[in-house]
S.K.: 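Mind having a look at this structure? Questions to follow.
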Amino acid sequence: MYGGGGATGVTVERKASLSLLLHGSVSRSRVRESEVPLEILSFVPFHVGMVYHGSIPAPNSYSDPIPFYRSLLRSCALGHSPPSFGRQLHAALLKSALLLLPSLSAALFHMYAAAGPPSAALRAFHHLLPTSARSPVAWTALISSHAALPARAVRLFRAMRRAAIPPDVVTLLAFLSASARLGHPAAAASAHLLFLKLGLPFSVPARNAAIDAYAKCGRMPDARRLFDEMHCPTVVSWTVLLSGALRREGLASGREVFDRMPQKNEVSWTVMVACCIEAGLPREALSLLSQMLFLDISVRNLNHISLCSLLSACSQAGDLTVGRWIHAHFTKTGLFSDGHLLMVRTALVDMYAKCGRIDTARRLFEIMPRRNLVAWNAMLSGLSMHGMAAEVLKLFSRMVAEEALQPDDITFVGVLSACSRSGLVEQGEKFFHELGTVYGLKPKVEHYACMVDLLGRAGRLEEAEALVREMPVLPNEVVLGSLLASCSLHGKLDLGRRLMEELVQMDPHNTEYHVLLSNMYASSGRHFEADGLREAMRRKGIRKAPGISFIEVNGQVHQFSAGDKSHPQAREVHAMLDEVVQRLRMAGYVPDVASQIPRAMDNYLENWEEREQALLVHSEKLAICFGLISTRPGLPLRIFKNLRICTDCHAVIKLISDIFGREVIVRDRNRFHCFRKGACSCSDYW
DNA sequence: ATAGGGTTAG
């Protein structure tokens, strides 16, 4: 905890030094920085949590220690050395009393401002710099270090004004950037006006920052006006405008700016990529990648942010081939700082997990020299998606007990969803309880969603519903939708109908709720009601989203939709499907028609055989048949489906995995299913 | 100096 004694010198914590030896990092404090008010942070003694490691290079008798330490601190500030090394330098400087030199204490402060967390920059500002040394440059560095906490950055700027320290152009840029992140229209305008008030030149970077601030605050007309006044807008001006147009006016408008840009750099391309990811269009993002490489940008120009965005697109699209290609490129370029390496490695862990290579993800995670909370969360969520609840629980306790890391709400989403997916009801309830009592977090709607899912799936629907009604936050669509899915699983028609009414009000055009309830009616033999729902869907003009399955063979992604005959090898695929169905029937398989296709769905599906046929040509079955004819026997098949896998396909793939001796890994909308020897990793619980 | 950012429940 903060604020332990006021002793001087270096405290050596055994646990922390062990962690440092193992992973090169010092255990973090249990107090979340965002919860500590500014006033308190400034009184925290500086040496707390610091470790003297003994591996600091010492200046020899020929070198002057001042430039020696200054250059080391600079290398930390630039991110060439890990933050732990910076803290060790601090300890060494304390020990040798060199910190009494103003030039070194200033250099140390700038190291923390550039490379440390904002709280460290703030503490360094208060403890290392006497009031006389708090120059405009120091204040600016402090404000800039709070980029991730814009509200505090703005408060610090006001404090600087109160202290009568004159801001310069760079200070105003930092203030503009904080106002932009804050998103307050008035803040953007006042930052803009300060240039005039203080008589500072409104240079091109300043104008770019102002355009950005207006765009981020939703004042696109002001942003466009500032842009149009420019004689020769730079790539940054264009990119700022592009990002604003995308965010505020959508992909329709952003594309236009993008096409009008006279030149583009890797940042402009990445803005487009990031927008596609946000819009859930990962394939468009990857197509942008190939255009970018074809047109003007070399892969060598891609930095950590571009790589992370592209890897995220691979995760979303399930594209292992491109993901691996990016990985290969990343290993060949050695120009990343320690913190940037950590980010890309985390994105790689996420990519491998979401592309079905959970073992690779795990190996990568284990050899990471340093891991932050995001890395742990990525690994936990990945394992959870694969239904590996036992691993999730082991990893969680390792994270909390050995690493002394404070989990956050995303960690708990991972842990609780793992319990829910594996039916670990008591464990889940325990974690949900500890979330508040042990870890001091407030349960959010996401956590309630996990708990409702956990109870509902386990058939404890009354408790699940009670939880929904008594939760302090308003239940959202996810919560109610999950409860509806549980009703469908356990045939609770009455509750299902009530939930459906609420859900349709929240989202009148959603198809899944209609389909879920209609299928519930159908499987309980109430075809009249099922048909009525389908009719209602038709009336509202909403259709079930078509199921699409992707399979990767030899680095090529092949796509199938239900009944698809457009694939070049469609004939062979359908011939294989006939053979598969024949062999499955011999093993006792009966298509589960009743639950799947309500009678009135399509009038032409009049007889049973046709309805059966519609079920047998589901996209995932076609993709698997293609996999069977185009890969060597015994090799695993990896399928990616945009919707949830249906009951019949699930049963079929189990049989295929046994009869054809193939491992089949399916990523559906919710999770992974790994089929082996007639069983699925989800234990039929999904 | 200004632009782009990895982890999130059905």
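This one's a predicted model, so the numbers in the text were calculated from it and none came from an experiment.
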S.K.: Counting only side-chain N and O atoms of A:Lys354, is one of them less than 4.0 Å from OP1 or OP2 of B:dT8?
M.R.: yes
S.K.: OP1, OP2 of B:dA9 versus side-chain N and O of A:Arg671: anything below 4.0 Å?
M.R.: no
S.K.: For a quick check of understanding: with a heavy-atom distance under 4.0 Å over all strands, which category does A:Tyr513 fall into, base, sugar-phosphate or nothing?
M.R.: base
S.K.: Check this for me, if you would: do A:Glu284 and A:Arg255 make a salt bridge, where the nitrogen-to-carboxylate-oxygen distance has to be below 4.0 angstrom?
M.R.: no
S.K.: Taking only side-chain nitrogens and oxygens of A:Lys264, does any of them come within less than 4.0 Å of OP1 or OP2 of B:dA3?
M.R.: no
S.K.: Whole Å only: how far is the CZ atom of A:Arg345 from the P atom of B:dG6?
M.R.: 19 Å
S.K.: Whole angstrom is fine here: how far is it from CG in A:Asn377 over to P in B:dG5?
M.R.: 19 Å
S.K.: On the side chain of A:Asn303, is there an atom forming a donor-acceptor pair with the base of B:dG4 - under 3.5 Å, no angle test?
M.R.: yes
S.K.: Between the base of B:dG4 and the side chain of A:Ser306, is one N or O donor paired with an acceptor at under 3.5 angstrom?
M.R.: yes
S.K.: Whole Å only: how far is the CZ atom of A:Phe330 from the C1' atom of B:dG6?
M.R.: 12 Å
S.K.: Tell me: NE2 of A:His447 to C1' of B:dT7, nearest whole Å?
M.R.: 13 Å
S.K.: Aromatic ring centroids of A:His304 and A:Phe330 under 6.0 Å?
M.R.: no
S.K.: In this structure, how many angstroms lie between the P atom of B:dT8 and the CG atom of A:Asn476, rounded?
M.R.: 17 Å
S.K.: I need the single residue from A:Arg362, A:His327, A:Arg363, A:Arg324 that forms a side-chain hydrogen bond (donor to acceptor under 3.5 Å, both in side chains) with A:Tyr352. Which is it?
M.R.: A:His327
S.K.: Do NZ/NE/NH1/NH2 and the carboxylate oxygens of A:Arg224 and A:Asp228 come within less than 4.0 Å?
M.R.: no
S.K.: For the base of B:dA9, is there a side-chain donor-acceptor partner from A:Asn670 under 3.5 Å away?
M.R.: no
